[in-house]
Chemist: 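Would you mind keeping the following structure in view while I ask a few things?
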Amino acid sequence: MASSAVVTTFNPTRAWWKSACIYQIYPISFFDSNGDGIGDLPGILAKLDYLKDLGVDVLWLCPIYKSPLADMGYDIADYESIDPRFGTLEDWDRLLEGVHKRGMKLLMDLVVNHTSDQHAWFKESRSSKTSPKRDWYIWRSPRYDADGNRMPPNNWESIFSGSAWEWDEETGEYYLHLFVKEQPDLNWENPDVRAAVFKTMRFWLDRGCDGFRMDVINMISKVPGLPDAPVLDSTKEFQGASLYYANGPRVHEFLKEMNEKVLSRYDVMTVGETPCTHLPEDIAAYVFPQNKELNMVFQFELMDLDLGGAEDNLESLTALMHRQWKLTDMKKCVSKWQTYMREHGYWNTLYIENHDQARSVSRFGNDTPRWRALSAKVLAMLQTTQTGTLYVYQGEEIGMKNFPRSWSLEEYKDVATINYYKQERTRRQKETGKENPNMEDIIDGFQRKARDHARTPLQWNAAPHAGFSTGTPWMRVNDDYAEGWNVEAEMKDPGSVWHFWKRALKLRRQHEVFVYGDFVLLLPDHEQVFAFERTLRGEKALVVLNFSERDVSVDLGASAGVAPKMRVALSNYDDVLSQSLGGTAVTLRGYEGRVYV
Ligand code: GLC
Ligand code: CA
């Protein structure tokens, strides 16, 4: 093995949650066991062997608690019970047992920035100004304009469109909701709220859950006084205000308290969701081991790569405008996080899909018939060869793609999509004076960016509705399941995306260098090829990925410190498998990727 020019600066401690492959389940669309069109807990139990076989170590369940599903379960009406549509607590116990029996672990989604407006806490809070729980939520008096019209307490825009404030006629005050009006924000300043949240966490931990994914956890502390946000878009009545609620003044204090009182007393893992944040220093503060807060967070910079609108727009959680992205920017972003965490000694996540993002093969690959499988495999290589805890989203392992542009607006079910559409339509009606303004460009954006694409039912086989349900699915199944894009067909085909993911996960398990090694980006300015090398105490790996349809030859250069004897351990073109690297020149065909070890 050739000696390396790279100085190894990073020697992280090993932990089960660092090398784990975590599979995210969106329960309503995973598998329906009883034909009511809604995926459920017994449905997940029935597929545990499938997940184990793929190479999954940990399951994360999106919310399955009692919920009116105003935001698909992220509006929780009771933290300590299961929504009957998903099953019962006994079903959950059985699922946990099945997961543990197979040597896997189970994470729950902790959604405590807000509750449902149907939660008993909110009902009580809303009942009167003197309710003991009034202060559990964020209530404020109205403002009035010069003409005496009632206005919300500030100009904050909800992440799901419109004002972030809802008027309550009964008690004559507004309450804050960063998301839809059915999701009132909890007031974390109140110690009773924190105690109640901690109690809920203990409920699940004592029942055996292995940790939490924490929903928008960087939004729990708002800037005191809730000042008006700067007007960045004067055409809009309400303004993005993440400046005042993302990474707020007390968030670290709250998380330290949570860690001290709850998390540190269990052997569990945590991952926080931290949108609207691109500064590595801001991200690191949540995850520095010495800070004793969270194990890792989901940062959004990669997800924001194709985000349309203003250049510096970070209000990206559900942004529905698309822009063309550049491979050089993607490389810069990946390398920034791989390097920063290494230099500063904290841990990060790897994900390119989740229930809030359109399908990666449609965004970052090429979902046309000729390139779809190849480019999905390129993305699998990218994801499985970096440092961080790896998250795979349901359907990613079979290369599921966005549903077609021909589907009508009715097929979009997400409240974020629908609210955005309504708001934009009203705006255009006013602007053009037309009852039916042209909305085609908006639907174009949805086809590329809407969260709905991640939420179509998982495609299990070629039976009606892709075998997801014997009834009518709550959401339409993508048409391509009948053309071989389903689990059963892919498991039978050794050349499928599914088999590729399985091999890639196995390779990652076999070589610690991928999980723990140093990362060096090669060819940073190349517009087609993403190449990097990994090094860990003499062990070396090289990843070379062509992100274009065109053949390309590159010279990795002397700085690569490449070892001529390295061989292709994984590739989406079979004929190069086990070929040795030889020199520093590599020629790749369209969307060809190779991993050398
Ligand atoms: C998170 C969830 C998303 C949800 C939002 C509000 O971003 O992932 O699905 O709509 O928070 O809870
Ligand atoms: Ca069901």
Side-chain angles (χ1 to χ4, degrees), residues 24-47 60-65 67-76 82-88 91 108-117 119 158-161 164 177-186 212-220 242 245-246 271-277 297-300 303-304 315-320 349 351 353-358 391 393 413-420 450-455 457-458 465 468-475:
Q24 182 190 352
I25 294 185
Y26 196 63
I28 198 167
S29 296
F30 187 71
F31 184 59
D32 172 20
S33 71
N34 61 355
D36 65 356
I38 289 183
D40 45 50
L41 294 181
I44 301 172
L45 181 63
K47 299 294 186 184
W60 148 29
L61 301 187
C62 284
I64 46 166
Y65 316 94
S67 165
L69 306 187
D71 182 23
M72 298 313 298
Y74 284 90
D75 49 318
I76 297 170
I82 306 287
D83 193 280
R85 287 166 282 196
F86 297 131
T88 61
D91 289 328
M108 293 290 274
D109 215 313
L110 185 75
V111 188
V112 289
N113 173 68
H114 44 266
T115 67
S116 162
D117 64 347
H119 196 292
S158 149
I159 292 166
F160 290 155
S161 307
H177 58 90
L178 295 183
F179 297 89
V180 284
K181 64 179 189 324
E182 293 86 356
Q183 291 167 298
D185 279 53
L186 282 164
F212 296 107
R213 175 266 188 187
M214 301 187 188
D215 193 63
V216 293
I217 200 65
N218 64 335
M219 298 187 183
I220 57 177
S242 62
Y245 59 70
V271 51
E273 185 204 25
T274 53
C276 311
T277 312
V297 299
F298 294 120
Q299 54 84 8
F300 274 61
M303 293 295 102
D304 295 342
E315 317 276 320
S316 54
L317 205 46
T318 57
L320 293 167
T349 56
Y351 75 101
E353 276 190 28
N354 63 35
H355 65 295
D356 293 331
Q357 301 291 336
Y391 290 77
Y393 179 65
K413 306 290 179 205
D414 178 15
V415 67
T417 313
I418 293 163
N419 284 3
Y420 185 90
R451 307 198 294 182
D452 302 81
H453 298 292
R455 300 176 177 192
L458 188 50
H465 307 305
F468 159 72
S469 172
T470 54
T472 307
W474 75 278
M475 188 179 178

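Order of listing sets the numbers, starting from 1, for every ligand and every atom in it. The basis for the numbers below is simple: all heavy atoms, side chains too, and nothing from hydrogens, waters or symmetry mates.
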Chemist: Is D215 close to V112 at the side-chain level, that is, under 4.5 Å between some pair of heavy atoms?
Modeler: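 The answer is no, as the side chains (C-beta and beyond) never meet within the 4.5 Å cut-off.
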Chemist: What N, O or S atom of D36 is found closest to the Ca ion (ligand 2)?
Modeler: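 The nearest such atom is OD1.
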Chemist: Which atoms of ligand 1 sit under 4.0 Å from any heavy atom of D356?
Modeler: 1 (C), 2 (C), 3 (C), 7 (O), 8 (O), 9 (O)
Chemist: How about Y351 and F298: are their ring centroids closer than 6.0 Å?
Modeler: yes
Chemist: Could you tell me whether the side chain of V180 reaches within less than 4.5 Å of the side chain of S158, counting heavy atoms only?
Modeler: no
Chemist: Distance-only, no hydrogens or angles: does the T349 side chain make a donor-acceptor pair with backbone N or O of V297 under 3.5 Å?
Modeler: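 Yes, because the side chain of T349 sits within donor-acceptor range (under 3.5 Å) of the backbone of V297.
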Chemist: Classify the ring geometry of H355 against Y393: parallel below 30°, tilted from 30° to 60°, perpendicular beyond 60°.
Modeler: tilted
Chemist: At a 4.0 Å threshold, what atoms of ligand 1 neighbour a non-hydrogen atom of D71?
Modeler: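 Answer, ordered by atom number: 4 (C), 5 (C), 6 (C), 10 (O), 12 (O).
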Chemist: Restricting to N/O/S, name the atom of D40 that gets closest to the Ca ion (ligand 2).
Modeler: OD2
Chemist: Near R213, which atoms of ligand 1 are under 4.0 Å from a heavy atom of that residue?
Modeler: 2 (C), 8 (O)
Chemist: State whether I38 contributes an N/O/S atom found under 3.0 Å from the Ca ion (ligand 2).
Modeler: yes
Chemist: Which atom name would you report as the N, O or S atom of D32 nearest the Ca ion (ligand 2)?
Modeler: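 That would be atom OD1.
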Chemist: Is the Ca ion (ligand 2) under 3.0 Å from any N, O or S atom of S33?
Modeler: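 Under 3.0 Å: S33 has no N, O or S contact with the Ca ion (ligand 2).
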Chemist: Side chains of T274 and N218: donor-acceptor distance under 3.5 Å anywhere?
Modeler: no
Chemist: Should the proximity of R455 to ligand 1, defined as any heavy atom under 4.0 Å, be assigned to the side chain, the backbone, both, or neither?
Modeler: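 For R455, the contact with ligand 1 is made by the side chain alone.
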Chemist: Using a 4.0 Å cutoff against the non-hydrogen atoms of Q183, which atoms of ligand 1 qualify?
Modeler: 6 (C), 12 (O)
Chemist: Can you tell me which portion of F160 lies within the under-4.0 Å heavy-atom range of ligand 1? Options are side chain, backbone, both, or neither.
Modeler: side chain
Chemist: Indicate the atoms forming the closest heavy-atom contact of S33 with D40, along with that distance.
Modeler: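 Residues S33 and D40, closest heavy atoms: OG-OD1, 2.9 Å.
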Chemist: Can you tell which part of R451 has a heavy atom less than 4.0 Å from ligand 1: side chain, backbone, both or neither?
Modeler: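 The answer is the side chain.
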